[in-house]
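Note: hydrogens, waters and symmetry copies are ignored here, and every other heavy atom, side chains too, is used. Being a predicted model, the structure only gives us computed values, none of them experimental. Positions are given from 1 along the sequence.
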Amino acid sequence: LTVDCVGDVVVKGARTLLVDFQGDITVKSATQVTVDAPATTITGTLHVEGAVTIDAGMTSTGDVTADGISLEHHVHGGVKAGPDTSGPPS
């Protein structure tokens, strides 16, 4: 099925829209794609190839790793007692 449309395409419904496909699905736009919903769930691994901007907080129930450094298990060198600060994580 191929649909060539010159103007807008609007699909309206009052209940559920289900796309059930056995192969890959690609959504392509020349400008941007917006998902406008009060909550979004992704079941499965999410791979992002570009930069990520978060305008609000972020919560994780597992460890977060940045550039190979674990947020839960990293250590700091140069730790001293008193008001001194530690070295960078290693």
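- Annotation for His73 and Asp63: closest pair CD2-OD2, 3.6 Å, computed over non-hydrogen atoms.
- Counting only distance, with no hydrogens or angles, the side chain of Ser60 and the backbone of Gly62 share a donor-acceptor pair below 3.5 Å.
- Listed for the Thr65 side chain is no donor-acceptor partner under 3.5 Å among the backbone atoms of Gly68.
- The 12-atom threshold is not exceeded at CD1 of Ile42, counting heavy atoms of other residues, nucleotides or ligands nearer than 6.0 Å.
- Side chain of His74 to backbone of Leu71: a donor-acceptor contact under 3.5 angstrom is found.
- Linking ILVMFWY side-chain heavy atoms closer than 4.5 Å, directly or via other members, places Ile54 and Val48 in a single hydrophobic cluster.
- With hydrophobic clusters built from ILVMFWY side chains whose heavy atoms lie under 4.5 angstrom apart, Leu46 shares a cluster with Val52.
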